[in-house]
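Below is one structure, written out as structure tokens; comments come after it.
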Number of protein chains: 2
Amino acid sequence: MERAKETQIVEHILDAIADQRLPAGTRLGEQALSDHFACNRTQVRRALATLTAYQVVEHVPNRGASVATPTAQDARDVFQARRAIESTICRNVVRHATEADIAVLRAHLAQEVQAKGHRDRPAAIRLSRGFHDLLARMGRNAVLERYAQDLTMRSSLIIGLYGTQARTLCAEDEHERIVDAIAARNEARALREMDQHLRHIEQGIDFDGTRPPTGALSSLLGTQSTERR
Amino acid sequence: MERAKETQIVEHILDAIADQRLPAGTRLGEQALSDHFACNRTQVRRALATLTAYQVVEHVPNRGASVATPTAQDARDVFQARRAIESTICRNVVRHATEADIAVLRAHLAQEVQAKGHRDRPAAIRLSRGFHDLLARMGRNAVLERYAQDLTMRSSLIIGLYGTQARTLCAEDEHERIVDAIAARNEARALREMDQHLRHIEQGIDFDGTRPPTGALSSLLGTQSTERR
DNA sequence: ACACTATAAATTGTTCACAATTTTTGTTAC
DNA sequence: GTAACAAAAATTGTGAACAATTTATAGTGT
């Protein structure tokens with residue numbers, strides 16, 4: 001049973017995209033991937049199909065797969081969807097979060113601060129995304145959790161494509177404000193903070209920006225990110 | 001190129017599930033399907049993988065695929081997600097709908113009334129779902145549209161599983177009220193009507209109901225539904 | 001009759017060779 | 001030098017045989 005291999009490939013590529021090591025448009029040749037992961041082409045094929053379903057990979061018949069290149073309209077749609085979904089998640093968290101949950105959130109904030117203090121940009125990006133995933137999990141709604149994860153992933157791609165260098169990261173004090181509102185069990189404030197936060201991220205995107213040239217796969221997959229859920 | 005075949009299988013099964021001809025839990029044997037669709041097992045396999053990604057099919061390793069059996073918690077999650085997503089869609093429709101769009105909606109309502117007048121239950125179910133899909137399309141947000149379609153599909157499954165015979169259909173006058181609010185460009189009212197409507201549907205579900213026995217695949221796929229987008 | 005085991009059948013999973021298609025490379029003419 | 005065409009290489013898609021696993025069947029003993 002080589003099912004494990006497939007999910008490993010999927011996770012690995014998702015990480016690489018989230019960390020912005022695999023820029024939009026990168027060709028994902030089947031041979032290259034099966035070489036890299038030392039496995040059969042069939043497994044690579046399934047992994048790519050899964051990633052295509054997540055819409056982070058585009059698949060053109062007879063031309064293979066490549067990292068998706070969201071359009072500006074896609075980007076707007078994604079962020080509107082995030083506002084709809086993550087605000088509901090936020091409401092759920094306010095209602096259901098235990099003290100332990102809030103402690104976990106605060107610990108996560110501390111990590112974010114630390115990563116930024118160390119100028120560890122990749123870690124900062126990962127933790128920033130992780131914050132949203134963490135909230136999604138605490139919302140205790142499997143459907144919304146999955147959609148939110150999908151969308152944070154696609155957001156990474158979008159930010160990598162259109163983001164200006166100045167404002168590509170979530171301001172961690174915005175995250176903190178959200179946690180504060182949750183801890184205070186102030187539903188309205190939490191929703192407002194989340195909505196504002198997502199709008200700020202979106203504002204940091206330059207939709208007129210020219211797309212950077214698509215890099216080759218090379219060994220961009222090499223440096224693996226540490227944690228995963 | 002047999003890619004068309006795969007989507008054909010997917011659509012066909014989705015229709016059968018939406019029409020509640022394929023009840024939750026039905027085994028979807030690969031052989032049986034490839035016989036039925038007169039095609040290779042490989043294509044059936046891909047189709048099933050796609051359906052699994054949509055979460056309307058469950059796939060257990062070495063035991064094959066079957067129509068998903070959502071739990072009561074799944075059902076609650078799905079409906080909460082629908083409220084979050086479809087209310088945002090509703091807002092978009094109010095803002096962007098042209099007069100032609102509204103005419104299309106009214107025409108759809110007329111069809112719904114007619115189907116119910118004729119006691120054509122399968123058509124009524126299909127049209128009821130179609131109304132929500134139509135709105136999703138008019139929201140002009142590809143992300144939300146896809147999620148909404150996903151969820152209406154899963155709702156069909158849930159209603160088929162837990163729904164009481166009395167309240168399994170959307171009351172068409174609720175649909176009408178939504179359209180009226182949209183036509184009046186009254187955003188707040190449209191949102192309220194949609195939210196209420198979805199809550200009503202959810203209330204028509206008996207979460208303590210015992211699950212009906214899982215029927216065999218047989219030729220449940222036989223009678224094909226007419227339209228598809 | 002029931003429980004247990006062994007065998008057979010059916011079903012799913014994997015691999016690999018070959019077919020179809022696209023992309024690259026090389027050649028020739030202008 | 002470049003455009004057009006042809007051949008070659010690389011890449012993706014497909015199908016069918018084979019392997020592994022699960023489910024059904026038959027047999028044996030108590």
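Nothing here was measured: the structure is a model prediction, and the numbers come from that model. Chain letters run A, B, ... following the sequence lines, proteins first and then strands; every chain starts at 1.
- Partners of A:D101 by side-chain contact (heavy atoms from CB on, under 4.5 Å), not counting sequence neighbours, listed by chain and number: A:A97, A:T98, A:M138, A:R140.
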For nucleotides 8-12 of chain D, print each protein N/O atom paired with a nucleotide N/O atom at under 3.5 Å, atom names and distance only.
from: D:dT12; atom 1: OP1; to: A:R27; atom 2: NH2; distance (Å): 3.4
from: D:dT12; atom 1: OP2; to: A:E30; atom 2: N; distance (Å): 3.2

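- Considering only residues two or more places apart in sequence or on other chains, B:R63 meets the side-chain contact (heavy atoms from CB on, under 4.5 Å) condition with B:V60.
- In this structure, A:R46 places its CZ atom 15 Å from P of C:dT12, rounding to the nearest Å.
- Contacts of A:N40 classified as side chain to side chain donor-acceptor pair (under 3.5 Å), with partners at least two apart in sequence or in another chain: A:T42.
- Comparing the helix axis at one end of the helix from C:dA1-D:dT30 to C:dC30-D:dG1 with that at the other, each defined from 5 consecutive pairs, gives an inter-axis angle of 10° (nearest 10°).
- Residues passing the side-chain contact (heavy atoms from CB on, under 4.5 Å) test with B:A49, sequence neighbours excluded: none.
- For the pair B:N40 CG and D:dA16 P, the computed distance is 6 Å after rounding to whole Å.
- Closest heavy-atom contact between A:V67 and A:A24: CG1-CA, 3.8 Å.
- Listed by chain and number, the residues in a side chain to side chain donor-acceptor pair (under 3.5 Å) with A:R154 amount to none (sequence neighbours excluded).
- By the side-chain contact (heavy atoms from CB on, under 4.5 Å) test, B:Q80 pairs with A:T88, A:N92, A:N141, A:L144, B:R83, sequence neighbours left out.
- Residue pairs meeting the salt bridge (Lys or Arg N to Asp or Glu O under 4.0 Å) criterion with at least one partner in residues 71-81 of chain B, sequence neighbours excluded, are absent.
- Proximity of A:Q43 to the phosphate of C:dT15: a side-chain N or O atom is located under 4.0 Å from OP1 or OP2.
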